[in-house]
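Source: prediction; values computed, not measured. In what follows, every chain begins at residue 1, and chains take the letters A, B, ... in the order their sequences are listed.
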Amino acid sequence: MIRALLLSTFLAAPALADEIWVTNEMDDSVSVIDVATLTVKATYPTGERPRGLTFSRDFSRLYICASDSDAVQVMDPATGAILHDLPSGEDPEQFVLAPDDRLLYIANEDDAITTVVDTQTRKLVAQIDVGVEPEGMGISPDGRVQVTTSETTNMAHWIDTATHQVIANSLVDARPRHAEFSPDGAELWVSSEIGGTVAVFDAATKAEIGKISFAIKGVQPEKLQPVGMRFSPDATKVFVALGPANHIAVVDAASRTVERYILVGRRVWHMAISPDETTLFTTNGVSGDVTAIDLATLEPLATIKVGRFPWGAAARPTSD
Amino acid sequence: MRALSFAAGLSFAARAAGLALTAQAAGLLFAAQAAGAGELRIDWIERQVTPPPVLSNMQARPEDLGRAGAALALADISTTGKFTGQSYRITDTVVPPEAEFLPAARAALGAGARVLVVRAPAEDLLALADLPEAKGALILNTAAPEDALRGPGCRANVLHTLPSYAMRADALAQFIVTKRWTRLALVAGTHPEDTAFAAALRASLTKFGLALAGEKTWAYDADMRRAAAAEVPLFTQDLPAHDLLLVADEPGDFARYVAYNTWEPRLLAGSEGAKPVGWAGVVEQNGAAQLQNRFREATGREMRAEDYAAWAAVAALGEAVTRAGTTEPAGLRAWLLSDAARIGGFLGRPLSFRPWDGQMRQPIPIVTERAVVALAPFEGFLHASNELDTLGPDRPETLCQAFGDPE
């Protein structure tokens, strides 16, 4: 009933607004935020404990890690209908879609494995042994290197996507949660939640070239726990979500210094940037909402209530 | 039961072997931190004790208590090790209740034990730490909660991963303050553990500005499985008015029969009811669900506080080897006690060790059978450097002198 009602609301809404899609970890649903009105315009049920989510290149398919259902679900974002599942391995927490729009690299947290799935044939392509509790998933813009971080082994594992072999391992600080290549592919950024740092690697030599620490007046160092990261559209800044410190750090990508901190909701996880590149959206797990931040002023615009424990975020342009 | 824990160990080994192929190739490419490469021998030293008789034996203590946590951490750090070219091995010395402890411990030290993870009562732990052969060894206490071990009786070669009585009592006292429960009463058993926990509770209440309205000692020898409904109401009838009844019954003897049988309908906390613990099967936030899943899969049971303490000890050693690039006890100890130590422990804050008494800093969950009620330390209990140091003796209060002046 509720779903039908929400669906009709969605269909009645103007079709031109861009959207931010958010997984609600404890509600088994995704919320769809209208970027123009900053309101939730639809909520769709998913499998259990949805976390990572990403769109196909043409935005016609949404992939969702339903971790406790042990499935990657494929949703039609036009209708919210689950079309089918992909063979994901156990407990898929986070994934990254290759630039070829075809291969999905999935972190199987309980199995210390990175699973590679072909989204077209829906077949498993490879399973790669990595460290304990893989989570952060990054892929180079040219698609040649995939990086899986393992939370308990504290490493970034560099995987050659041609051979699906681990070609290097880089030690990082405790509990790495997220890996992000710079848009030009020159650098890899890895956040360490318990270590409280972000390590920056030269993607070519795989050498560590910088490490970023955080400090907010009145916040204990132990609470500064970097998780999600996003490069700004012009690649000059990196936004780092600081978890229970309830702030986003704005890092200058060139000097790797923190320029400012933006207060958001409680336990901030991940982020998405609106397709028109004007607004940053953060998922705030404990407060169950999303903060919208104006990218020009770096000031919060609105707080949007979503489901319980929002976790992942992805943007979808809808204007033609 | 021995066989069961053995089987679990084998499954870890089998899994590690399955991963070994890529590991070797990957290990070669891991150049930066190769300094610690080699094998670290970790000794599991266990003094088995006959538990005191309790009124109900329906929930028996698992035979692999503690050891199963060490086994899980060994699997975790061995996976890291396969990428760094470091291997780990646990050598077991398990002393039955009727056998002598010290000769067995001495034999282990003689056979090369330098890094020891110990599950033993306080007096055995101290006797081991004081052996001439143990000088320069690194000992991690995973089972003895006594405050004296972190106070006047501390030893420079002993670190502690099990929270002390004082830490658990402070966690509960903070919880009571946040709940604004001001009227408190205490019932304590007569076992030495009960007396020690009751003393810690009294000290914590004073520390956080609370006071007991009254207390009684439980010294009944009737069979409460049959008589609780008749005896407990009378026993609790003359306690002064209270909101919360604290119970100190560490062996788990009588307090289960106090619940729902009190004269007035009152909540319980302490050893029963809302319990401050190092770990419990209901802990699930901060990625704990993954650790719990791995533990359950390996053992078929829930992870207890002693399992977690042993897991944390071995996990901390692995982290120290990787970060400090050494397998020498002195180097490992120095790293563990340093500010650089920020160890992931699935409790939402980094674990580290206090340089003034060797105690591991850790959040303390307050749990019931079915849920985590709260996680200490609580908001508002401020500390200049680390809120975790509001649990247990802080640097200015410590009675431990063996660690020297760390500043």
Side-chain angles (χ1 to χ4, degrees), chain A residues 49 67-68 90-91 93 108-113 127-135 150-159 163-177 192-197 201 206-208 218-225 243-244 267 285-286 309, chain B residues 15-16 18-23 25-33 72-73 75-85 285-287 289-294 297 315 318-319 322-323 325 339-352 361 363 377 382-388:
Chain A
R49 205 161 181 202
S67 1
D68 283 0
E90 270 188 63
D91 196 26
E93 174 155 345
N108 296 124
E109 192 160 22
D110 280 359
D111 274 355
I113 281 171
Q127 291 203 304
I128 305 152
D129 285 330
V130 291
V132 181
E133 292 181 30
E135 160 132 358
S150 47
E151 291 176 334
T152 294
T153 300
N154 301 328
M155 280 185 175
H157 308 282
W158 306 70
I159 295 167
T163 62
H164 288 134
Q165 297 286 320
V166 173
I167 49 171
N169 302 283
S170 303
L171 191 67
V172 293
D173 286 338
R175 211 167 161 75
R177 293 298 293 255
S192 290
E193 182 182 31
I194 288 294
T197 58
F201 293 90
K206 301 175 182 61
E208 187 179 307
V219 178
Q220 297 244 329
E222 275 67 26
K223 288 194 179 163
L224 298 163
Q225 301 182 355
R267 187 123 202 202
V286 171
F309 230 74
Chain B
R15 192 172 150 152
L19 295 172
L21 194 67
T22 43
L28 288 174
L29 291 148
F30 185 87
Q33 259 78 19
L72 179 59
D76 289 352
I77 65 174
S78 296
T79 304
T80 305
K82 75 190 171 69
F83 294 111
T84 58
Q285 300 261 312
N286 302 301
Q290 271 79 249
L291 183 68
Q292 304 274 28
N293 287 345
R294 291 205 301 277
E297 202 176 304
E319 187 74 359
T322 306
R323 304 287 171 190
D339 287 345
R342 280 176 72 115
I343 302 158
F346 305 95
L347 286 167
R349 296 178 191 237
L351 309 177
S352 55
R361 296 185 179 99
L382 302 176
H383 190 274
S385 53
N386 190 328
E387 283 168 7
L388 292 177

Worksheet entry | Best-contacting candidate, B/L388, B/N286, B/L351, against chain A by heavy atom pairs under 4.5 angstrom |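 Winner by heavy-atom pair count: B/N286.
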
Worksheet entry | Which residues share a ring-ring contact (aromatic ring centres under 6.0 Å, His included) with A/F201, sequence neighbours left out |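 ring-ring contact (aromatic ring centres under 6.0 Å, His included) list for A/F201, sorted by chain: empty.
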
Worksheet entry | Partner residues of B/H383 under the ring-ring contact (aromatic ring centres under 6.0 Å, His included) criterion, sequence neighbours left out |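 Not a single residue meets the ring-ring contact (aromatic ring centres under 6.0 Å, His included) criterion with B/H383.
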
Practice prompt. Go through A/E193, A/H157, A/K206 and name the one with the most non-hydrogen pairs under 4.5 angstrom from chain B.
Written response: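 Looking at each of A/E193, A/H157, A/K206 in turn, A/H157 comes out on top.
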
Distance, nearest 0.5 Å, that separates [atom1] of [X] from [atom2] of [Y]:
| X | Y | atom1 | atom2 | answer |
| --- | --- | --- | --- | --- |
| B/T322 | A/N154 | OG1 | CG | 8.0 Å |
| A/M155 | B/T79 | CE | OG1 | 10.5 Å |
| A/D110 | B/L291 | CG | CG | 10.5 Å |
| A/T153 | B/E319 | OG1 | CD | 10.0 Å |

Which answer fits [X], side chain, backbone, both or neither, if we ask what part of it has an atom under 4.5 Å from a heavy atom of chain B?
| X | answer |
| --- | --- |
| A/D91 | side chain |
| A/E208 | neither |
| A/K223 | side chain |

Is it the backbone or the side chain of [X] that comes under 4.5 Å from a heavy atom of chain A, or both, or neither?
| X | value |
| --- | --- |
| B/D76 | both |
| B/S385 | backbone |
| B/I343 | backbone |

Testing the basics here: between [X] and [Y], what is the closest heavy-atom pair and its distance to 0.1 Å?
| X | Y | result |
| --- | --- | --- |
| A/T152 | B/F346 | OG1-CZ, 3.6 Å |
| B/R323 | A/A174 | NH2-N, 3.7 Å |
| B/F83 | A/D129 | CZ-O, 4.3 Å |

Discussion item. I'd like to know if the side chain of A/E222 and the backbone of B/E387 have a donor-acceptor N/O pair within less than 3.5 Å.
Written reply: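 Not a single qualifying donor-acceptor pair exists.
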
Discussion item. What verdict does the side chain to side chain contact (heavy atoms under 4.5 Å, CB included) test give for B/R349 and A/I194, after you've listed the backbone C-alpha separation in whole Å, the side-chain angles of each residue and the deciding distance to 0.1 Å?
Written reply: CA-CA 7 Å; B/R349 296 178 191 237; A/I194 288 294; 5.9 Å; no

Fill in: Side chain to side chain, A/S192 and B/R342, heavy atoms closer than 4.5 Å
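In short, these two side chains do not touch, never coming nearer than 4.5 Å.
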
